[in-house]
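Keep in mind it's a predicted model, so treat the numbers as computed, not measured. Naming convention: chains lettered A, B, ... in sequence-line order (proteins, then strands); numbering from 1 in each chain.
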2 protein chains.
Amino acid sequence: MGITQRRDRDRQEMRKLIVDTATQILVEEGIDQVSIRRIADRIEYSPGTIYLYFEDKDDILYEAHLEAFSAFLDAEMTVAAIPDPLERLQALGRVYVNFALSNQRMYDLMFLIPVPRIQNKEKYDWSVSIRTYQVLRTIVEECIAQGRIKPNHPDVVSMQVWATVHGLASLIIRQRIPMVDKELVSRMVDPVLNYAFDALKA
Amino acid sequence: MGITQRRDRDRQEMRKLIVDTATQILVEEGIDQVSIRRIADRIEYSPGTIYLYFEDKDDILYEAHLEAFSAFLDAEMTVAAIPDPLERLQALGRVYVNFALSNQRMYDLMFLIPVPRIQNKEKYDWSVSIRTYQVLRTIVEECIAQGRIKPNHPDVVSMQVWATVHGLASLIIRQRIPMVDKELVSRMVDPVLNYAFDALKA
DNA sequence: TTCACTAACTAAACATCGTTCAGGGTATGG
DNA sequence: CCATACCCTGAACGATGTTTAGTTAGTGAA
């Protein structure tokens with residue numbers, strides 16, 4: 001009976017190999033360079049083989065996007081040790097933008113393209129995105145409870161903070177900020193975040 | 001000599017027909033349904049013909065994205081009549097999010113996908129994007145001059161406002177807001193904008 | 001009118017993509 | 001030793017963007 005278990009293990013390893021290879025190509029060359037055939041080439045299997053392990057390409061990207069969220073969750077956790085909630089909130093904002101700008105291709109997969117399998121309400125697992133949002137929301141709640149920021153429904157405040165950091169990161173990644181050169185744009189990040197968080201203070 | 005002029009006119013009309021058809025397919029069925037062959041089908045020409053009028057597909061999308069910016073500029077202008085600069089700023093924010101959510105496929109082309117031809121620094125014309133940004137920046141300057149909002153470099157404030165509205169719109173369009181159903185999400189828009197603008201007040 | 005020239009257009013082809021499928025191995029278990 | 005799973009491949013299908021050889025039609029001069 002060890003055999004079916006080994007088969008299961010082999011199967012999981014193969015799935016991981018495929019997802020990791022897809023992620024590798026994604027990070028190195030961008031999302032539109034990720035193709036079934038290129039993944040197959042790298043792992044030295046035929047394209048058809050991949051379909052023995054995944055329904056379709058979307059399925060692979062979905063798995064990759066879950067891993068990306070997991071890595072992002074780790075990044076979020078680095079602020080947990082900061083005692084002051086307002087400082088923690090600001091740190092989270094910086095960590096967010098920093099993650100997005102340091103892992104632009106990953107952030108692309110997570111937030112900029114239509115997320116894989118999102119149409120499939122049955123199959124899409126919201127738990128990771130909920131967990132990342134909860135990190136933010138919990139800090140916001142603490143800030144409100146301690147009267148450190150202007151009070152409002154915690155979801156409203158959380159959305160406002162999230163919109164700001166996501167908006168900033170995505171405008172930069174998509175190069176939608178006019179005139180100023182890249183150097184100048186990245187020098188704007190800190191002042192904008194400072195201004196945004198200052199405004200929230202009670 | 002009227003002939004070369006007629007040829008020029010015909011050429012421009014054909015270009016417009018192609019761009020309009022592309023835009024039509026984009027709005028009706030989304031950006032990944034826009035293909036050279038489908039445009040050719042609709043206007044009843046062969047695919048090859050399109051290449052007599054445009055370098056490549058990117059060129060067509062680039063032209064369509066310029067038109068989208070022009071429409072967006074018109075929407076922005078509707079707030080010009082509001083006398084109070086702070087009210088005007090808030091109205092602009094609402095117009096922005098409203099435009100994005102009412103024209104999601106257009107907004108996709110303008111801000112969510114990698115903008116066509118953006119790599120080609122030579123060929124990319126920044127003037128429309130600069131103009132749209134200037135509308136925001138001018139209002140922000142006036143607000144600062146009148147001491148209506150917390151003072152800072154006008155570009156910093158403008159970026160913060162822009163990031164908020166763009167972030168909010170793009171998170172909604174990309175369905176990245178967890179748990180809450182669509183109905184609930186759209187009910188969050190106004191409170192979030194109100195909270196964000198309240199925070200800016202001096 | 002006739003001839004050459006130019007511009008507009010098409011059909012077919014190429015490479016690439018996601019995906020499917022018939023067939024060939026290979027290990028497993030009786 | 002054989003049958004039954006399973007793993008894998010190569011070729012194929014339809015779709016994509018793009019290029020090109022070749023046809024058609026309008027223009028301007030002889």
Side-chain angles (χ1 to χ4, degrees), chain A residues 1-19 21-23 25-26 29-65 109 113-117 119-120 123, chain B residues 1-19 21-23 25-26 29-65 109 113-117 119-120 123:
Chain A
M1 68 192 61
I3 283 173
T4 48
Q5 286 167 0
R6 193 209 54 200
R7 284 232 177 95
D8 267 17
R9 185 163 33 83
D10 285 356
R11 198 178 163 73
Q12 289 313 315
E13 272 172 22
M14 185 62 157
R15 280 178 63 94
K16 182 163 159 35
L17 179 62
I18 292 170
V19 172
T21 308
T23 306
I25 298 173
L26 166 72
E29 316 185 36
I31 191 135
D32 36 47
Q33 291 304 314
V34 179
S35 78
I36 298 286
R37 283 178 167 86
R38 292 195 48 153
I39 298 172
D41 266 3
R42 285 221 191 182
I43 64 178
E44 294 178 293
Y45 281 88
S46 91
T49 304
I50 293 185
Y51 286 87
L52 300 175
Y53 296 89
F54 289 93
E55 258 188 44
D56 52 22
K57 187 183 170 184
D58 220 43
D59 230 21
I60 302 172
L61 291 180
Y62 174 77
E63 218 66 50
H65 122 281
L109 176 66
I113 67 169
V115 172
R117 229 160 87 173
Q119 293 309 0
N120 228 327
K123 284 179 160 186
Chain B
M1 68 189 62
I3 282 171
T4 49
Q5 287 167 1
R6 191 208 56 198
R7 285 232 176 94
D8 267 16
R9 186 164 31 83
D10 286 356
R11 200 179 161 71
Q12 291 312 315
E13 272 172 21
M14 184 62 157
R15 281 179 63 95
K16 182 163 158 36
L17 179 62
I18 292 169
V19 172
T21 307
T23 306
I25 299 173
L26 166 72
E29 317 186 33
I31 190 134
D32 37 47
Q33 291 303 314
V34 178
S35 78
I36 298 287
R37 282 179 166 84
R38 291 193 48 148
I39 298 171
D41 266 4
R42 286 222 190 181
I43 64 179
E44 294 178 294
Y45 282 88
S46 92
T49 304
I50 293 184
Y51 287 86
L52 300 174
Y53 296 90
F54 289 93
E55 259 188 45
D56 51 22
K57 187 183 170 183
D58 221 42
D59 229 22
I60 302 170
L61 291 180
Y62 175 77
E63 217 66 49
H65 122 282
L109 176 67
I113 67 169
V115 172
R117 228 159 89 174
Q119 292 310 358
N120 229 328
K123 285 178 160 189

Please state how far atom [atom1] in [X] lies from atom [atom2] in [N], giving the value in whole angstrom units.
X: A:Arg9; N: D:dC7; atom1: CZ; atom2: P; answer: 14 Å
X: A:Met14; N: D:dC7; atom1: CE; atom2: P; answer: 10 Å
X: B:Arg38; N: D:dT16; atom1: CZ; atom2: P; answer: 8 Å
X: A:Gln33; N: C:dT16; atom1: CD; atom2: P; answer: 12 Å
X: B:Leu52; N: C:dA7; atom1: CG; atom2: P; answer: 12 Å
X: B:Arg37; N: C:dT16; atom1: CZ; atom2: P; answer: 15 Å
X: B:Ile18; N: D:dG17; atom1: CD1; atom2: C1'; answer: 15 Å
X: A:Arg11; N: D:dC6; atom1: CZ; atom2: P; answer: 10 Å

Revision key, fill the gap. The reported gap from CG in B:Asp8 to CD in B:Glu13 (rounded to nearest 0.5 angstrom) is 11.5 Å

**Study point:** Step-by-step salt bridge (Lys or Arg N to Asp or Glu O under 4.0 Å) determination, B:Glu63 to B:Lys57
**Key:** CA-CA 10 Å; B:Glu63 217 66 49; B:Lys57 187 183 170 183; over 6 Å; no

Strictly below 4.0 Å: does [X] bring a side-chain N or O up to OP1 or OP2 of [N]?
X: A:Tyr53; N: D:dC7; result: no
X: B:Ser46; N: C:dC9; result: no
X: B:Ser35; N: D:dT16; result: yes

Point to revise | Nearest-nucleotide pick for B:Ile36, side chain only, options being D:dT18, C:dG18, C:dT10 | key: D:dT18

Check your understanding: Can you tell which of C:dG18, C:dC9, D:dT18 lies closest to the side chain of B:Thr49?
Key -> C:dC9

Review point. Heavy atoms, side chains only, cut-off 4.5 Å: are A:Tyr45 and A:Ile18 in contact?
Key: no

Point to revise | Lys NZ or Arg CZ of A:Arg15 over A:Tyr53 ring: under 6.0 Å, within 45° | key: no

